[in-house]
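First the proteins, then the strands, lettered A, B, ... as listed; each starts at 1. These numbers come from a predicted model, not from an experiment. Worth knowing before you read on, the calculation uses all heavy atoms, side chains too, and leaves out hydrogens, waters and symmetry mates.
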Amino acid sequence: MRFAGGESWRLAEDVERLPHVALFLRDVLRLPVEGGPLVPPPLALTVPDLSDRWADPDGAAAGWTRWWRAIVAEADLTSQVRDALDPPYWSSLDGLPALRDAVVAVSDEALRFSSRVREDVLSDDGPPRPALPWQMVRDAAEDVAADGVPMDELDVSVGVLRVRGPWWRIVRPGRLLCSADLAQDADTAREALRAAFRSSVA
Amino acid sequence: MFTKRAFLAVLFAAGGTAATALPAAAAPAAPDSAGAVARQAMTVQCRVADPRRVTSADLADDASVAALCHRLGVRGSGVAAPAGGMGAANYVHGNCGTSGLFIRNWNNGGHPVFAAGAWPTPSHLSHGSATIHWHNLSKGGRSSFHLAVWANTGGWAWRHSEKHFTKTGTVFAYMTGDVMLVDGRICSIARPTDTENVH
């Protein structure tokens, strides 16, 4: 919320199902995905080993990397790649058949998992549970604004992932991807937030 | 509105033929129709001259355009769709605190629960009003409902959950409104959004 009639910074957090479906697939099928700056650590939640469901992990892994880049970094804006979450056939991934078939093999479990991730941040009672505490976000915004940046230009969206450790990346200007536990490492979280706000005005 | 809409150049190419109109198929697909969209090898591009200048206020009265650009990642203070196509801004922080919106799918025939809240930080909440707007992006239905905002026990925040019939499909929602703090200051709810596949 922002005070009426004045300038304010803004930071929006989202908990998306599709990235968690992709990470679940990677982890439960033990896909040999090459690491890279955009590829997060393993999921923080315990997931089963379903690697016996799919016989072509190398083929699926190659497709997974392309899919992931499209999901998190808008590397490809075509509907075929980005509009997934279309069970049970996952036809949106027809251009990546090995990946599509792998997703189909664990689709039910992946969808249940992604629902569980969202439920974890819903609060039926008590205070809200954003990954990044308001005070920490405010301090980071004010730090960046102290360099002369107008408050209204500080506008960040954050994709929260349930992955291990205090992981974060700026995937495009104004877009931060981070682990749900990032705030537990306060110094790292502040660094990430300041970088995200700065990127939003770059 | 027209000026803002002019920022959007929507190209819809199917079989090499481009059309300027936005076809219904360009709206975010339901689980059962997304495959058909992909099989027709359609390419949808949303070109936004300056995405940060396009807000949901500009788009909200055209569900098709809102849906398309939401899906393609228009961000900023409005539709706020991150990458991934199923965009959301579940918690939105600003200098007056945090507001939040979640759509909860209960697998009960198109009756999701909209869970919303407002948590001002500098001062306690007194009262206000909010409106939740929802669009069924798959089937085209849209509506809104108003909520009275009153501080919960302890006076520090407001939280509310309410079930509505939206039909099944991909449902997008956002919340607007204003609240007054006990010290008399007024804060605007910063348009939290959510999208969920409702069954």
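Nearest heavy atom pair, residue B/A89 against residue A/A12, reads CB-CB, 3.6 Å.
Of the possible donor and acceptor atoms, one in the side chain of A/W134 sits under 3.5 Å from a partner among the backbone N and O of B/G94. Proximity of a side-chain donor or acceptor of B/N90 to a complementary backbone N or O of A/V15 within less than 3.5 Å is detected. Put simply, the side chain of B/H93 never gets that close to the backbone of A/P133: no donor and acceptor are under 3.5 Å apart.
For the options B/S188, B/G100, B/S99, heavy-atom pairs under 4.5 Å to chain A are most numerous at B/S188.
A 4.5 Å side-chain heavy-atom check between A/V137 and B/Y91 finds every atom pair outside the cut-off. Between A/R118 and B/R104 the shortest side-chain heavy-atom distance does not fall below 4.5 Å. The side-chain heavy atoms of A/M1 and B/W119, taken from C-beta on, include no pair separated by under 4.5 Å. When side chains are defined from C-beta on, B/N95 does not count as touching A/R138, because their heavy atoms never get closer than 4.5 Å.
Taken to the nearest 0.5 Å, the CD atom of B/E196 stands 6.0 Å off from the OG atom of A/S115. Note that the NE2 atom of B/H199 and the CG atom of A/L111 stand 7.5 Å from one another [nearest 0.5 Å]. In this structure, the separation between CG on B/N197 and OG on A/S114 is 9.0 Å, given to the nearest 0.5 Å. Taking CG of B/D178 as the reference point, atom CZ of A/R2 lies at 11.5 Å (rounded to 0.5 Å). Atoms OG1 and CZ, on B/T98 and A/R129 in that order, are 14.5 Å from each other to the nearest 0.5 Å.
Looking at A/E142, there are no atoms closer than 4.5 Å to chain B (heavy atoms on both sides), in backbone or side chain.
Surrounding CD of A/Q135 are more than 12 heavy atoms belonging to other residues, nucleotides or ligands, all under 6.0 Å away.
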